[in-house]
Amino acid sequence: GCTAKQSTDTSERWVEVEGRRLKLTRLEKQLWPGITKAELIKYYAEMSDFILPYLRSRPMTLHLYPDGIEGKHFFRKEAPEFTPDWVRRFPYRAEDGKLINYILCGDRPTLIWLANLANIEFPITLSRIEDLEHPDLVVFDLDPFQPATFRDACMVALVLRDGLRQLGLQSWVKTSGATGLHVLVPVAPKYTFQQTREFVRRLGKMLESLMPEVLAEFRPVEERKGRVLIDFGQNSLGKTITAPYSLKPLPLAPVSTPLDWTELEKELDPREFNMHNILERVKGGGDILKPVLETPQTLDRAFEALGMG
DNA sequence: GGTATCA
DNA sequence: TGATACCAACGCTCT
DNA sequence: AGAGCG
Ligand SMILES: [Mn+2]
Ligand SMILES: [Mn+2]
(Lines give C-alpha, C1' and ligand atoms only; values in the text may rest on other atoms or scores of the structure.)
(Ligands and ions follow the chains in the order given, each with its own letter.)
Protein backbone atom coordinates (compact mmCIF):
# COMPACT_ATOMS: atom_id res chain seq x y z
CA GLY A 1 0.00 0.00 0.00
CA CYS A 2 1.93 2.98 -1.27
CA THR A 3 -0.46 5.91 -1.18
CA ALA A 4 1.91 8.33 -2.86
CA LYS A 5 2.31 5.97 -5.78
CA GLN A 6 -1.46 5.51 -6.05
CA SER A 7 -2.21 9.19 -6.25
CA THR A 8 0.35 9.62 -9.01
CA ASP A 9 -0.81 6.58 -10.95
CA THR A 10 -1.36 7.97 -14.40
CA SER A 11 -0.86 4.63 -16.15
CA GLU A 12 -3.09 4.55 -19.19
CA ARG A 13 -3.41 2.40 -22.26
CA TRP A 14 -5.53 2.49 -25.38
CA VAL A 15 -6.78 -0.89 -26.52
CA GLU A 16 -9.01 -2.08 -29.32
CA VAL A 17 -11.64 -4.67 -28.43
CA GLU A 18 -13.67 -6.04 -31.33
CA GLY A 19 -13.28 -2.80 -33.21
CA ARG A 20 -14.03 -0.48 -30.27
CA ARG A 21 -11.32 1.88 -29.03
CA LEU A 22 -11.14 1.90 -25.24
CA LYS A 23 -9.01 4.00 -22.90
CA LEU A 24 -7.97 2.02 -19.86
CA THR A 25 -7.07 4.30 -16.95
CA ARG A 26 -5.21 4.07 -13.65
CA LEU A 27 -4.17 0.50 -14.33
CA GLU A 28 -1.87 0.33 -11.31
CA LYS A 29 -4.55 1.30 -8.82
CA GLN A 30 -5.04 -1.28 -6.09
CA LEU A 31 -8.65 -2.53 -5.97
CA TRP A 32 -7.96 -5.41 -3.56
CA PRO A 33 -4.89 -5.60 -1.33
CA GLY A 34 -2.19 -6.63 -3.79
CA ILE A 35 -4.53 -6.71 -6.82
CA THR A 36 -4.57 -3.93 -9.39
CA LYS A 37 -7.24 -2.70 -11.77
CA ALA A 38 -5.12 -4.11 -14.59
CA GLU A 39 -5.64 -7.58 -13.10
CA LEU A 40 -9.40 -7.00 -12.80
CA ILE A 41 -9.58 -6.07 -16.48
CA LYS A 42 -7.38 -9.01 -17.46
CA TYR A 43 -9.64 -11.38 -15.51
CA TYR A 44 -12.82 -10.30 -17.29
CA ALA A 45 -11.06 -10.21 -20.66
CA GLU A 46 -9.96 -13.82 -20.23
CA MET A 47 -13.30 -14.97 -18.80
CA SER A 48 -15.54 -13.09 -21.24
CA ASP A 49 -16.72 -16.16 -23.13
CA PHE A 50 -17.83 -17.74 -19.87
CA ILE A 51 -19.57 -14.81 -18.18
CA LEU A 52 -21.15 -12.98 -21.14
CA PRO A 53 -23.87 -15.58 -21.87
CA TYR A 54 -25.26 -14.95 -18.38
CA LEU A 55 -25.12 -11.16 -18.56
CA ARG A 56 -26.60 -10.91 -22.04
CA SER A 57 -30.30 -9.97 -22.14
CA ARG A 58 -30.42 -8.91 -18.49
CA PRO A 59 -30.49 -5.28 -17.34
CA MET A 60 -27.26 -4.33 -15.57
CA THR A 61 -26.90 -2.78 -12.18
CA LEU A 62 -23.37 -1.41 -11.99
CA HIS A 63 -21.37 -2.14 -8.82
CA LEU A 64 -18.57 0.41 -8.90
CA TYR A 65 -15.55 0.45 -6.57
CA PRO A 66 -13.31 3.23 -7.91
CA ASP A 67 -11.39 3.36 -4.61
CA GLY A 68 -11.11 -0.40 -4.12
CA ILE A 69 -13.08 -2.88 -2.01
CA GLU A 70 -12.49 -0.93 1.18
CA GLY A 71 -13.33 2.47 -0.28
CA LYS A 72 -16.66 4.11 -1.00
CA HIS A 73 -18.73 2.21 -3.53
CA PHE A 74 -22.06 2.80 -5.20
CA PHE A 75 -24.58 1.13 -7.43
CA ARG A 76 -25.88 2.57 -10.64
CA LYS A 77 -28.77 1.62 -12.90
CA GLU A 78 -29.17 4.59 -15.23
CA ALA A 79 -26.54 4.51 -17.99
CA PRO A 80 -24.13 7.39 -17.34
CA GLU A 81 -24.13 10.30 -19.82
CA PHE A 82 -20.58 9.40 -20.81
CA THR A 83 -21.56 5.87 -21.86
CA PRO A 84 -20.15 5.19 -25.36
CA ASP A 85 -22.87 5.28 -27.99
CA TRP A 86 -22.15 1.70 -29.08
CA VAL A 87 -23.13 0.33 -25.64
CA ARG A 88 -26.58 -1.23 -25.87
CA ARG A 89 -29.28 0.11 -23.57
CA PHE A 90 -32.66 -1.10 -22.40
CA PRO A 91 -35.24 1.51 -21.41
CA TYR A 92 -37.65 0.22 -18.82
CA ARG A 93 -40.42 1.98 -16.97
CA ALA A 94 -40.78 0.63 -13.45
CA GLU A 95 -44.09 0.43 -11.60
CA ASP A 96 -43.47 3.82 -10.02
CA GLY A 97 -43.39 5.32 -13.51
CA LYS A 98 -39.68 6.09 -13.48
CA LEU A 99 -37.90 5.40 -16.76
CA ILE A 100 -34.44 3.91 -16.44
CA ASN A 101 -32.05 3.32 -19.35
CA TYR A 102 -30.25 0.17 -18.29
CA ILE A 103 -26.93 -0.92 -19.74
CA LEU A 104 -26.91 -4.28 -21.51
CA CYS A 105 -23.58 -6.06 -21.20
CA GLY A 106 -23.66 -8.61 -24.00
CA ASP A 107 -20.30 -8.09 -25.67
CA ARG A 108 -16.59 -7.88 -24.81
CA PRO A 109 -16.14 -4.14 -25.40
CA THR A 110 -18.92 -3.33 -22.92
CA LEU A 111 -17.52 -5.83 -20.40
CA ILE A 112 -14.03 -4.31 -20.60
CA TRP A 113 -15.41 -0.76 -20.50
CA LEU A 114 -17.26 -1.62 -17.28
CA ALA A 115 -14.21 -3.33 -15.78
CA ASN A 116 -12.22 -0.15 -16.40
CA LEU A 117 -14.87 1.77 -14.43
CA ALA A 118 -13.92 -0.56 -11.53
CA ASN A 119 -17.11 -2.57 -11.84
CA ILE A 120 -15.98 -5.49 -9.69
CA GLU A 121 -19.19 -7.47 -9.33
CA PHE A 122 -21.62 -8.35 -12.14
CA PRO A 123 -25.11 -9.23 -10.89
CA ILE A 124 -27.87 -10.83 -12.93
CA THR A 125 -31.62 -10.56 -12.67
CA LEU A 126 -33.58 -13.81 -12.67
CA SER A 127 -35.58 -12.76 -15.74
CA ARG A 128 -34.61 -11.51 -19.20
CA ILE A 129 -35.45 -8.27 -20.96
CA GLU A 130 -37.73 -10.15 -23.37
CA ASP A 131 -40.08 -10.77 -20.44
CA LEU A 132 -38.93 -9.23 -17.17
CA GLU A 133 -41.96 -10.34 -15.20
CA HIS A 134 -41.51 -14.04 -15.91
CA PRO A 135 -38.22 -15.46 -14.59
CA ASP A 136 -36.20 -18.01 -16.55
CA LEU A 137 -34.26 -18.90 -13.40
CA VAL A 138 -35.41 -20.01 -9.96
CA VAL A 139 -32.82 -19.67 -7.22
CA PHE A 140 -32.53 -21.41 -3.88
CA ASP A 141 -30.27 -18.94 -2.08
CA LEU A 142 -28.56 -20.91 0.69
CA ASP A 143 -27.08 -18.65 3.40
CA PRO A 144 -25.27 -20.34 6.32
CA PHE A 145 -25.34 -18.47 9.64
CA GLN A 146 -22.50 -19.13 12.08
CA PRO A 147 -21.59 -21.52 13.43
CA ALA A 148 -23.09 -23.18 10.34
CA THR A 149 -20.55 -23.33 7.52
CA PHE A 150 -20.27 -23.55 3.79
CA ARG A 151 -20.05 -27.29 4.30
CA ASP A 152 -23.51 -27.26 5.94
CA ALA A 153 -24.86 -25.35 2.95
CA CYS A 154 -23.41 -28.06 0.69
CA MET A 155 -25.18 -30.79 2.67
CA VAL A 156 -28.49 -28.92 2.40
CA ALA A 157 -27.95 -28.39 -1.32
CA LEU A 158 -27.48 -32.13 -1.91
CA VAL A 159 -30.75 -32.94 -0.15
CA LEU A 160 -32.46 -30.14 -2.03
CA ARG A 161 -31.19 -31.56 -5.30
CA ASP A 162 -32.81 -34.91 -4.45
CA GLY A 163 -36.08 -33.18 -3.62
CA LEU A 164 -36.05 -31.32 -6.91
CA ARG A 165 -35.27 -34.51 -8.80
CA GLN A 166 -38.27 -36.18 -7.20
CA LEU A 167 -40.34 -33.32 -8.56
CA GLY A 168 -38.92 -34.05 -12.01
CA LEU A 169 -36.59 -31.04 -11.97
CA GLN A 170 -32.92 -30.75 -12.86
CA SER A 171 -30.79 -28.31 -10.90
CA TRP A 172 -27.30 -26.85 -10.99
CA VAL A 173 -25.17 -25.26 -8.28
CA LYS A 174 -22.58 -22.52 -7.85
CA THR A 175 -20.88 -20.78 -4.97
CA SER A 176 -22.37 -17.35 -4.25
CA GLY A 177 -18.83 -16.02 -4.02
CA ALA A 178 -19.38 -15.09 -0.38
CA THR A 179 -20.37 -17.68 2.22
CA GLY A 180 -23.15 -19.72 0.64
CA LEU A 181 -24.51 -21.43 -2.45
CA HIS A 182 -26.98 -20.79 -5.22
CA VAL A 183 -28.97 -23.78 -6.46
CA LEU A 184 -30.46 -22.88 -9.83
CA VAL A 185 -33.52 -24.34 -11.53
CA PRO A 186 -34.02 -23.08 -15.10
CA VAL A 187 -37.66 -22.72 -16.12
CA ALA A 188 -39.68 -21.65 -19.13
CA PRO A 189 -40.50 -17.96 -18.65
CA LYS A 190 -44.21 -18.47 -18.04
CA TYR A 191 -44.51 -18.22 -14.26
CA THR A 192 -44.66 -15.08 -12.15
CA PHE A 193 -42.13 -14.26 -9.44
CA GLN A 194 -44.94 -14.70 -6.96
CA GLN A 195 -45.26 -18.30 -8.15
CA THR A 196 -41.57 -19.17 -8.19
CA ARG A 197 -41.12 -17.50 -4.78
CA GLU A 198 -43.96 -19.53 -3.31
CA PHE A 199 -42.51 -22.68 -4.88
CA VAL A 200 -39.15 -22.06 -3.19
CA ARG A 201 -40.82 -21.21 0.10
CA ARG A 202 -42.84 -24.42 0.12
CA LEU A 203 -40.00 -26.70 -0.85
CA GLY A 204 -37.87 -24.90 1.74
CA LYS A 205 -40.50 -25.61 4.39
CA MET A 206 -40.47 -29.25 3.40
CA LEU A 207 -36.69 -29.35 3.72
CA GLU A 208 -36.95 -27.61 7.09
CA SER A 209 -39.13 -30.42 8.38
CA LEU A 210 -36.56 -32.95 7.16
CA MET A 211 -33.38 -31.22 8.34
CA PRO A 212 -33.27 -29.34 11.65
CA GLU A 213 -30.43 -27.15 10.39
CA VAL A 214 -32.57 -25.67 7.62
CA LEU A 215 -34.50 -22.42 8.00
CA ALA A 216 -37.12 -21.63 5.36
CA GLU A 217 -37.79 -18.03 6.35
CA PHE A 218 -36.26 -15.20 8.34
CA ARG A 219 -36.30 -15.55 12.12
CA PRO A 220 -34.79 -13.59 14.98
CA VAL A 221 -30.98 -13.76 15.15
CA GLU A 222 -30.94 -16.30 17.96
CA GLU A 223 -32.89 -18.86 15.93
CA ARG A 224 -30.69 -18.42 12.87
CA LYS A 225 -27.47 -19.36 14.59
CA GLY A 226 -26.06 -22.60 13.22
CA ARG A 227 -28.64 -22.92 10.49
CA VAL A 228 -28.78 -22.57 6.72
CA LEU A 229 -31.38 -20.07 5.54
CA ILE A 230 -33.19 -20.67 2.26
CA ASP A 231 -33.80 -17.06 1.29
CA PHE A 232 -36.85 -17.47 -0.95
CA GLY A 233 -37.29 -13.70 -1.20
CA GLN A 234 -34.49 -13.56 -3.75
CA ASN A 235 -37.03 -14.69 -6.33
CA SER A 236 -38.47 -11.23 -6.91
CA LEU A 237 -38.62 -8.75 -9.77
CA GLY A 238 -35.60 -6.50 -9.64
CA LYS A 239 -33.60 -8.67 -7.23
CA THR A 240 -30.28 -9.98 -8.43
CA ILE A 241 -27.79 -12.70 -7.69
CA THR A 242 -24.08 -12.63 -8.40
CA ALA A 243 -23.47 -13.82 -11.95
CA PRO A 244 -21.58 -17.07 -12.50
CA TYR A 245 -17.86 -16.23 -12.89
CA SER A 246 -18.33 -12.76 -11.37
CA LEU A 247 -15.73 -11.52 -8.89
CA LYS A 248 -16.82 -10.39 -5.43
CA PRO A 249 -15.50 -7.29 -3.64
CA LEU A 250 -14.23 -9.45 -0.78
CA PRO A 251 -10.74 -10.31 0.44
CA LEU A 252 -8.84 -12.70 -1.87
CA ALA A 253 -11.09 -11.77 -4.84
CA PRO A 254 -13.42 -14.78 -4.72
CA VAL A 255 -15.43 -15.85 -7.77
CA SER A 256 -19.00 -17.15 -7.92
CA THR A 257 -18.05 -20.59 -9.22
CA PRO A 258 -20.19 -23.33 -10.78
CA LEU A 259 -19.59 -26.65 -9.04
CA ASP A 260 -20.15 -30.25 -10.01
CA TRP A 261 -22.58 -31.94 -7.62
CA THR A 262 -19.94 -34.52 -6.71
CA GLU A 263 -17.69 -31.72 -5.48
CA LEU A 264 -20.20 -30.78 -2.77
CA GLU A 265 -19.38 -33.97 -0.92
CA LYS A 266 -15.79 -32.83 -0.46
CA GLU A 267 -14.49 -30.47 2.18
CA LEU A 268 -14.64 -27.18 0.29
CA ASP A 269 -13.83 -23.60 1.19
CA PRO A 270 -15.48 -21.07 -1.15
CA ARG A 271 -12.35 -18.91 -0.99
CA GLU A 272 -10.54 -21.67 -2.88
CA PHE A 273 -12.27 -20.32 -5.98
CA ASN A 274 -10.79 -16.95 -6.81
CA MET A 275 -9.46 -14.64 -9.49
CA HIS A 276 -6.16 -16.48 -9.64
CA ASN A 277 -7.31 -20.03 -10.36
CA ILE A 278 -10.70 -19.99 -12.10
CA LEU A 279 -9.34 -19.70 -15.62
CA GLU A 280 -7.28 -22.84 -15.05
CA ARG A 281 -10.37 -24.57 -13.66
CA VAL A 282 -12.65 -23.83 -16.60
CA LYS A 283 -9.99 -24.45 -19.22
CA GLY A 284 -10.67 -27.92 -20.57
CA GLY A 285 -13.77 -28.51 -18.45
CA GLY A 286 -15.67 -25.64 -20.04
CA ASP A 287 -18.77 -24.11 -18.46
CA ILE A 288 -20.52 -26.84 -16.49
CA LEU A 289 -23.36 -24.43 -15.68
CA LYS A 290 -24.26 -23.69 -19.30
CA PRO A 291 -27.34 -26.00 -19.32
CA VAL A 292 -28.98 -23.46 -17.00
CA LEU A 293 -29.40 -21.22 -20.06
CA GLU A 294 -30.63 -24.02 -22.30
CA THR A 295 -33.02 -26.13 -20.22
CA PRO A 296 -36.43 -24.49 -19.86
CA GLN A 297 -38.35 -26.69 -17.43
CA THR A 298 -41.98 -26.72 -16.42
CA LEU A 299 -43.07 -26.34 -12.80
CA ASP A 300 -46.66 -27.52 -13.24
CA ARG A 301 -46.04 -30.93 -11.71
CA ALA A 302 -44.04 -29.45 -8.85
CA PHE A 303 -46.80 -26.94 -8.10
CA GLU A 304 -49.29 -29.76 -7.94
CA ALA A 305 -47.10 -31.87 -5.67
CA LEU A 306 -46.65 -28.92 -3.32
CA GLY A 307 -50.34 -28.07 -3.21
CA MET A 308 -50.13 -24.89 -5.25
CA GLY A 309 -53.33 -24.45 -7.21
C1' DG B 1 -14.66 6.61 -12.47
C1' DG B 2 -16.27 10.31 -14.71
C1' DT B 3 -18.60 14.48 -14.80
C1' DA B 4 -20.82 18.78 -13.10
C1' DT B 5 -20.97 22.51 -10.16
C1' DC B 6 -19.22 25.90 -7.04
C1' DA B 7 -15.34 28.21 -4.51
C1' DT C 1 -7.22 24.31 -9.48
C1' DG C 2 -9.40 21.88 -6.08
C1' DA C 3 -13.28 20.42 -3.01
C1' DT C 4 -17.66 18.38 -3.12
C1' DA C 5 -21.75 15.89 -4.84
C1' DC C 6 -23.96 12.49 -7.50
C1' DC C 7 -24.69 7.81 -9.00
C1' DA C 8 -30.51 1.86 -6.45
C1' DA C 9 -33.93 0.49 -3.70
C1' DC C 10 -36.77 -2.98 -1.02
C1' DG C 11 -38.01 -5.91 2.66
C1' DC C 12 -36.34 -7.34 6.55
C1' DT C 13 -34.52 -6.93 11.55
C1' DC C 14 -33.09 -4.65 15.45
C1' DT C 15 -33.58 -0.60 18.78
C1' DA D 1 -40.03 5.95 13.24
C1' DG D 2 -35.63 5.27 11.89
C1' DA D 3 -31.04 3.11 11.21
C1' DG D 4 -28.69 -0.84 9.47
C1' DC D 5 -28.18 -4.75 6.62
C1' DG D 6 -27.99 -7.74 2.36
MN1 LIG E 1 -26.86 -15.73 -0.51
MN1 LIG F 1 -29.72 -14.04 0.94
Side-chain angles (χ1 to χ4, degrees), chain A residues 6-13 22-31 36-38 40-41 44 58-85 87 89-103 110-126 132 139 141-146 153 176-182 193-194 197-198 200-201 215-225 227-242 246 248-250 254 256:
Chain A
Q6 293 246 352
S7 59
T8 57
D9 173 17
T10 54
S11 54
E12 291 181 5
R13 207 180 124 201
L22 289 171
K23 183 179 156 194
L24 307 181
T25 57
R26 284 180 241 200
L27 291 166
E28 297 311 313
K29 180 161 220 172
Q30 303 244 340
L31 294 185
T36 62
K37 198 167 80 168
L40 171 80
I41 294 169
Y44 282 118
R58 301 176 200 271
M60 271 290 296
T61 299
L62 278 40
H63 287 216
L64 305 172
Y65 293 77
D67 296 319
I69 65 168
E70 281 165 6
K72 286 247 177 296
H73 72 278
F74 54 94
F75 302 149
R76 178 162 207 163
K77 293 188 170 179
E78 179 72 26
E81 321 68 51
F82 57 88
T83 305
D85 56 13
V87 169
R89 295 159 172 81
F90 173 67
Y92 181 72
R93 193 173 297 282
E95 272 187 54
D96 61 12
K98 223 172 74 179
L99 181 76
I100 294 180
N101 297 290
Y102 288 91
I103 286 172
T110 304
L111 183 64
I112 302 309
W113 175 68
L114 288 171
N116 182 62
L117 290 184
N119 194 105
I120 289 178
E121 180 172 351
F122 287 77
I124 55 168
T125 55
L126 297 176
L132 278 182
V139 63
D141 175 26
L142 272 39
D143 297 330
F145 285 81
Q146 284 185 0
S176 75
T179 62
L181 286 171
H182 293 152
F193 278 106
Q194 189 276 326
R197 197 164 53 237
E198 181 65 11
V200 171
R201 196 181 69 81
L215 202 54
E217 57 190 49
F218 274 94
R219 300 275 190 181
V221 169
E222 207 51 40
E223 284 184 62
R224 284 185 229 162
K225 285 184 180 157
R227 304 177 80 177
V228 176
L229 174 70
I230 299 178
D231 188 359
F232 66 86
Q234 280 296 317
N235 295 277
S236 301
L237 179 62
K239 294 245 180 188
T240 59
I241 60 171
T242 304
S246 169
K248 295 284 285 187
L250 295 171
S256 177

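We name chains A, B, ... by the order of the sequence lines, and we start the count at 1 in each one. It should be emphasised that the depicted structure is a prediction, and the values quoted were computed from it without experimental measurement.
Taking the ring pair (Phe, Tyr, Trp, His ring centres under 6.0 Å) definition, one finds that Phe122(A) meets it with Tyr44(A), sequence neighbours left out. Residues satisfying the side chain to side chain donor-acceptor pair (under 3.5 Å) criterion with Lys77(A), sequence neighbours excluded, are absent altogether. Partners of Arg201(A) by side chain to side chain donor-acceptor pair (under 3.5 Å), not counting sequence neighbours, listed by chain and number: Glu198(A). Shown here are the side chain to side chain donor-acceptor pair (under 3.5 Å) partners of Ser236(A), two or more places apart in sequence or in another chain: Arg197(A). Considering only residues two or more places apart in sequence or on other chains, Arg76(A) meets the salt bridge (charged side-chain N to carboxylate O under 4.0 Å, His left out) condition with Glu81(A). In this view, Tyr102(A) satisfies the ring pair (Phe, Tyr, Trp, His ring centres under 6.0 Å) rule with no residue, not counting sequence neighbours.
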Under-3.5 Å N/O pairs linking protein and nucleotides 13-15 of chain C:
residue, atom, partner, partner atom, Å
dT13(C), O3', Arg224(A), NH2, 3.4
dC14(C), OP1, Val221(A), N, 2.6

Taking N or O atoms only and anything under 3.5 Å, show me the protein contacts with nucleotides 4-6 of chain D, one pair per line.
none

Report all side-chain donor-acceptor pairs from residues 216-224 of chain A shorter than 3.5 Å, counting only partners two or more places apart or in another chain.
residue, atom, partner, partner atom, Å
Glu222(A), OE1, Lys225(A), NZ, 3.2
Arg224(A), NE, Arg219(A), O, 2.8
Arg224(A), NH2, Arg219(A), O, 3.2

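Residues in residues 229-241 of chain A take part in no salt bridge (Lys or Arg N to Asp or Glu O under 4.0 Å) pair, two or more places apart or across chains. Screening residues 60-74 of chain A for salt bridge (Lys or Arg N to Asp or Glu O under 4.0 Å), with sequence neighbours left out, gives Lys29(A)-Asp67(A).
For DNA chain B, the span of nucleotides reached by chain A at under 4.0 Å from its heavy atoms goes, 5' to 3', from dG1(B) to dT3(B).
Listed pair Lys98(A) / dA9(C) meets the phosphate criterion, a side-chain N or O lying under 4.0 Å from OP1 or OP2.
We find that NZ of Lys72(A) is positioned 13 Å from P of dT4(C), with the value rounded to whole Å.
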